[in-house]
Amino acid sequence: MNAPAKFFDASAPVAFGGKDAGNTPAFRWYDKDRLVHGRRLEDHLRFAVCYWHSFCWPGGDPFGGETFLRPWHQGADAMAQARAKADVAFELFRLLDVPFFTFHDVDAAPEGTSLSESVANLNAIADLFEAKMASAKVRLLWGTANLFTHRRYMAGAATNPDPEIFTYAAGQVRAALEVTHRLGGQNYVLWGGREGYETLLNTDLKRELDQLGRFISLVVEHKHKIGFKGPILIEPKPKEPTKHQYDFDVATCYGFLERYDLLNDVKLNIEQNHAILAGHSFHHEVALAEALGIFGSLDVNRGDDLLGWDTDQFAMNVPELALVFHEILNRGGFTSGGLNFDAKIRRQSIDPDDLIHAHVGSMDACARAFLAAADMLDAGALTAPLAQRYEGWAAPEGRAILGGQRSLAELADRALSPGFDPRPRSGRQEYLESLVNRYV
């Protein structure tokens, strides 16, 4: 089948129009060439459109079927559908003028009746991607393999009780990693969609964690073998689709990576919606990953605070995003990572151009938040009070304690000395919260 001659109403790429731009698609805050801290805004934010939600999701939910009726979802020739989908995808990349995209293997190419057929399909579509990228701006932020949809993975992939399914997953990941490398991908993601359990009654926790550790080690070994320079990224999520996911949150992932000696090669891809499901804020998860040295990239979206599942809405919360970007910018910004829109339009947003409006609105929200973060950082609005709060640890005695130059007995003796009576100081939380509101 062929893609429709004109799927989107828009034809010209969305451009920066300033705050007073009219109702036509236009960026009001995202001026890609604006210099911030010596880098273009586009190079700071590194936006990516995801293949799965944007082009593969039919608009269904547990209570009803598809609503979008995409033309590439119709027909009997799966490879023709995949090529038509690629045509529309690259048209959206052009219209949004984004620098990156992301995909799962089965998003891009149909799964065959065998692994060899699936790999052949993937490589054929990768050839098409390569040809399109030769004349396009867009590049690949990361690729990944879908190890959770097919029924063979109902008990996990790496953590499956059957080593033959583990082996099949290894074959699927090798193909996806090699295609990612061929297309110049800057990272490779492993999301453990079903690496977890439904009940402990049939689960050997230690065995499954050891299997997962070995699987990721194999991926790291192959990354080095083929010369892939980007990091491997794992994506924390506490639950859904399993009751308990082994990559629950940032802290859990850090402990796992340390246990299996993976900290040098594996970083984290953090998602807002997953942070909320884990009982944390987005800011917390990013700050902790930065503090532990395992921050890699972001899946930028938002969850509904009133719902207990992954709603994957487009990120529009400027104050929340500003604090996240302040954390990232304060530590130097992205390296190989970026902002991937792991987000889907709502089931009732059935007009093709709703995809454009959703991305433009979220890109603007991110840009507005990033500029606020840069202003806060330039003014020392949060960094100066933070340094003042911990200034005692920068003084000689604080450095001596942390440097191992004081014993417990020495500290205790000093605490018992006459006149030693330290007093608490205000944390100034309300002042800091009101200060942030001045910028956002």
Side-chain angles (χ1 to χ4, degrees), residues 37 206 209 234 236 238 247-268 270 272 274-276 278-296 298 319-335 369 372-440:
H37 287 205
K206 183 180 185 306
L209 287 170
I234 61 175
D247 50 8
F248 191 93
D249 60 6
V250 168
T252 303
C253 289
Y254 179 80
F256 173 86
L257 295 176
E258 186 173 47
R259 176 183 176 89
Y260 294 101
D261 195 24
L262 292 165
L263 286 171
N264 289 334
D265 292 287
V266 182
K267 305 299 180 187
L268 299 188
I270 299 169
Q272 190 271 3
H274 296 179
I276 300 301
H280 304 306
S281 69
F282 193 21
H283 187 192
H284 165 89
E285 290 289 85
V286 171
L288 184 58
E290 289 277 21
L292 295 173
I294 54 174
F295 177 76
L298 293 181
E320 176 186 57
L321 291 167
L323 293 176
V324 167
F325 292 144
H326 185 274
E327 200 72 41
I328 295 170
L329 188 57
N330 190 35
R331 295 188 184 253
F334 289 114
T335 52
D375 287 344
M376 285 191 284
L377 198 58
D378 290 342
L382 297 178
T383 52
L386 195 67
Q388 185 180 27
R389 178 172 167 83
Y390 292 97
E391 62 186 359
W393 290 102
E397 181 63 16
R399 293 199 304 270
I401 293 170
L402 292 179
Q405 300 169 31
R406 299 287 186 271
S407 69
L408 182 67
E410 288 172 325
L411 293 174
D413 288 344
R414 181 165 177 247
L416 291 168
S417 63
F420 188 84
D421 184 23
R423 300 298 177 92
R425 294 188 297 177
S426 172
R428 308 177 73 197
Q429 178 175 334
E430 295 76 16
Y431 164 75
L432 294 171
E433 290 172 342
S434 63
L435 189 152
V436 168
N437 281 339
R438 299 178 197 173
Y439 291 88
V440 298

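- Taking a 6.0 Å sphere around CG of Asp261, one finds it holds 12 or fewer heavy atoms contributed by other residues, nucleotides or ligands.
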Test side chain to side chain contact (heavy atoms under 4.5 Å, CB included) applied to Leu268 and Tyr254, step by step: CA-CA 9 Å; Leu268 299 188; Tyr254 179 80; over 6 Å; no
Derivation and outcome, side chain to side chain donor-acceptor pair (under 3.5 Å), residues Asn437 and Ser434: CA-CA 5 Å; Asn437 281 339; Ser434 63; over 6 Å; no
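- Glu391 meets the side-chain hydrogen bond (donor to acceptor under 3.5 Å, both in side chains) test with Arg425; sequence neighbours excluded.
- Side-chain contact between Leu298 and Val324: present, with at least one pair of heavy atoms (C-beta onward) separated by less than 4.5 Å.
- Side-chain contact check for Leu411 versus Glu397: some heavy-atom pair is nearer than 4.5 Å.
- Note: Ile328 CD1 to Phe334 CZ = 4.0 Å, rounded to the nearest 0.5 Å.
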Test side chain to side chain contact (heavy atoms under 4.5 Å, CB included) applied to Leu323 and Phe282, step by step: CA-CA 9 Å; Leu323 293 176; Phe282 193 21; over 6 Å; no
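- Put simply, the side chain of Leu377 reaches to within 4.5 Å of the side chain of His37, judged on heavy atoms.
- Under the side-chain hydrogen bond (donor to acceptor under 3.5 Å, both in side chains) criterion, Asp265 pairs with His224, sequence neighbours left out.
- Residues Val440 and Ala372 come closest through the heavy atom pair CG1-CB, 3.9 Å.
- Of all the heavy atoms in Pro238 and His274, the pair that sits closest is CD-O, 3.5 Å.
- Of all non-hydrogen atoms in Gly380 and Thr383, the two that sit nearest each other are CA-OG1, 3.3 Å.
- Closest approach of His326 to Ala373, counting heavy atoms only: N-CB, 3.5 Å.
- For Tyr390, the OH atom sits in a loose shell: 12 or fewer heavy atoms of surrounding residues, nucleotides or ligands are nearer than 6.0 Å.
- Remark: Leu257 CG to Thr252 OG1 distance equals 10.5 Å, nearest 0.5 Å.
- To the nearest 0.5 angstrom, Phe256 atom CZ is 8.5 Å from Asp247 atom CG.
- Taking all atoms of both residues into account, the shortest heavy-atom contact from Glu285 to Val250 is OE2-N, 3.0 Å.
- Closest non-hydrogen pair, Ile276 versus Ser281, comes out as CD1-CA, 4.5 Å.
- Within the 4.5 Å cutoff, the side chain of Gln272 has heavy atoms near those of the Glu320 side chain.
- Between the NE2 atom in His280 and the CG atom in Leu288 there is a gap of 8.0 Å [rounded to 0.5 Å].
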Leu262 vs Ile234, side chain to side chain contact (heavy atoms under 4.5 Å, CB included): CA-CA, chis, key distance, verdict: CA-CA 11 Å; Leu262 292 165; Ile234 61 175; over 6 Å; no
Gln405 and Glu410: CA distance, side-chain angles, deciding distance, side chain to side chain contact (heavy atoms under 4.5 Å, CB included) verdict: CA-CA 10 Å; Gln405 300 169 31; Glu410 288 172 325; over 6 Å; no
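- Within the model, atoms CD of Glu290 and CD1 of Ile270 stand 8.0 Å from one another, a figure rounded to the nearest 0.5 Å.
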